[in-house]
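Working notes for the structure below.
Reckoned from all heavy atoms, side chains included, excluding hydrogens, waters and symmetry mates.
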Amino acid sequence: MGVKIGSIVRVLGISIDPAGGHPRLYGVILSGSLASPTIEDSFEFRSSDSDPSEQVADLARLLLGKLPGLQFDAAVIRTAGPSPVARRNKAQFSRAHAEGAALFVLREHLGIPVRTGDPQALAKCVGQKKDALVAKASALPSKLDPTIAALGGFPRT
């Protein structure tokens with residue numbers, strides 16, 4: 001990700017919650033290190049539109065508007081586990097579309113790749129066991145899923 005091991009970094013973690021047909025985007029910025037993370041900022045956006053394509057566009061526009069006011073070195077999106085295609089679940093399709101829109105917005109903003117993955121994959125990226133990463137995220141006073149994502153963006157320990 002272009003971040004030196006041992007350096008203090010700021011990582012933006014993003015997650016999407018289908019939220020009963022009105023998806024929400026949650027974000028948290030952690031700074032410091034995987035061993036000692038600190039919450040810098042958190043936010044959430046909710047789409048009120050009923051059309052799935054408009055919901056995704058709303059979330060992307062809201063995220064795009066928020067990014068200039070944030071300071072972070074890397075971004076990670078916590079993705080859903082099972083494939084939405086296999087389950088044919090409308091909420092999972094919406095979530096996948098919103099994750100893709102957020103990925104595009106973040107990639108364009110940062111100019112570097114954006115890490116994505118479920119908790120298992122993110123834990124592996126930082127050299128941790130999934131349970132340890134989830135426990136660390138649970139100990140911080142922020143939304144669990146974007147915090148797991150942000151922790152997954154720190155340099156490997």
### Query
Got K143 and V28 here, is their nearest side-chain heavy-atom distance under 4.5 Å?
no
#### Entry: Heavy-atom side-chain proximity of L30 to L151 below 4.5 angstrom
yes
Return the [atom1] to [atom2] distance between [X] and [Y], rounded to the nearest 0.5 Å.
X    : Y    : atom1 : atom2 : result
T116 : I14  : OG1   : CD1   : 13.0 Å
Q55  : S48  : CD    : OG    : 8.5 Å
R156 : Q128 : CZ    : CD    : 9.5 Å
I148 : L140 : CD1   : CG    : 10.5 Å

Summary of ring pair (Phe, Tyr, Trp, His ring centres under 6.0 Å) pairs that have at least one residue in [range], sequence neighbours excluded:
range            : value
residues 17-39   : none
residues 114-150 : none
residues 130-150 : none
residues 134-153 : none

### Task
Sequence neighbours left out, what passes side chain to side chain contact (heavy atoms under 4.5 Å, CB included) with Q120? Give chain and number order.
D118, K130
### Task
List for me each residue that meets side chain to side chain contact (heavy atoms under 4.5 Å, CB included) alongside D51, sequence neighbours excluded, and say none if there are none.
D49, S53, E54
For [X] and [Y], which heavy atoms make the closest approach, and how far apart are they?
X    : Y   : answer
G152 : V76 : C-CG2, 4.2 Å
P23  : I16 : CB-CG2, 4.4 Å
V114 : A75 : CG1-O, 3.3 Å

For residues 99-109, tabulate all N or O donor-acceptor pairs below 3.5 Å that involve a side-chain atom, not counting sequence neighbours.
from	atom 1	to	atom 2	distance (Å)
E99	OE2	A80	N	3.2
E99	OE2	R95	NE	3.0
R107	NH1	G111	O	3.4

Would you give me the side-chain donor-acceptor pairs under 3.5 Å for residues 36-46, sequence neighbours excluded?
from	atom 1	to	atom 2	distance (Å)
E40	OE2	S31	OG	2.7
E44	OE2	R24	NH1	3.3

Donor-acceptor pairs under 3.5 Å, side chain of residues 131-139 to any protein atom, not counting sequence neighbours: which ones?
from	atom 1	to	atom 2	distance (Å)
K136	NZ	L34	O	3.3
S138	OG	V134	O	2.9

What donor-acceptor contacts under 3.5 angstrom involve side-chain atoms of residues 56-71, with partners at least two apart or in another chain?
from	atom 1	to	atom 2	distance (Å)
D58	OD1	R61	NH2	2.9
D58	OD2	S47	OG	3.1

## Note on the structure
Contacts of D145 meeting salt bridge (charged side-chain N to carboxylate O under 4.0 Å, His left out) (sequence neighbours excluded), chain-then-number -> R78
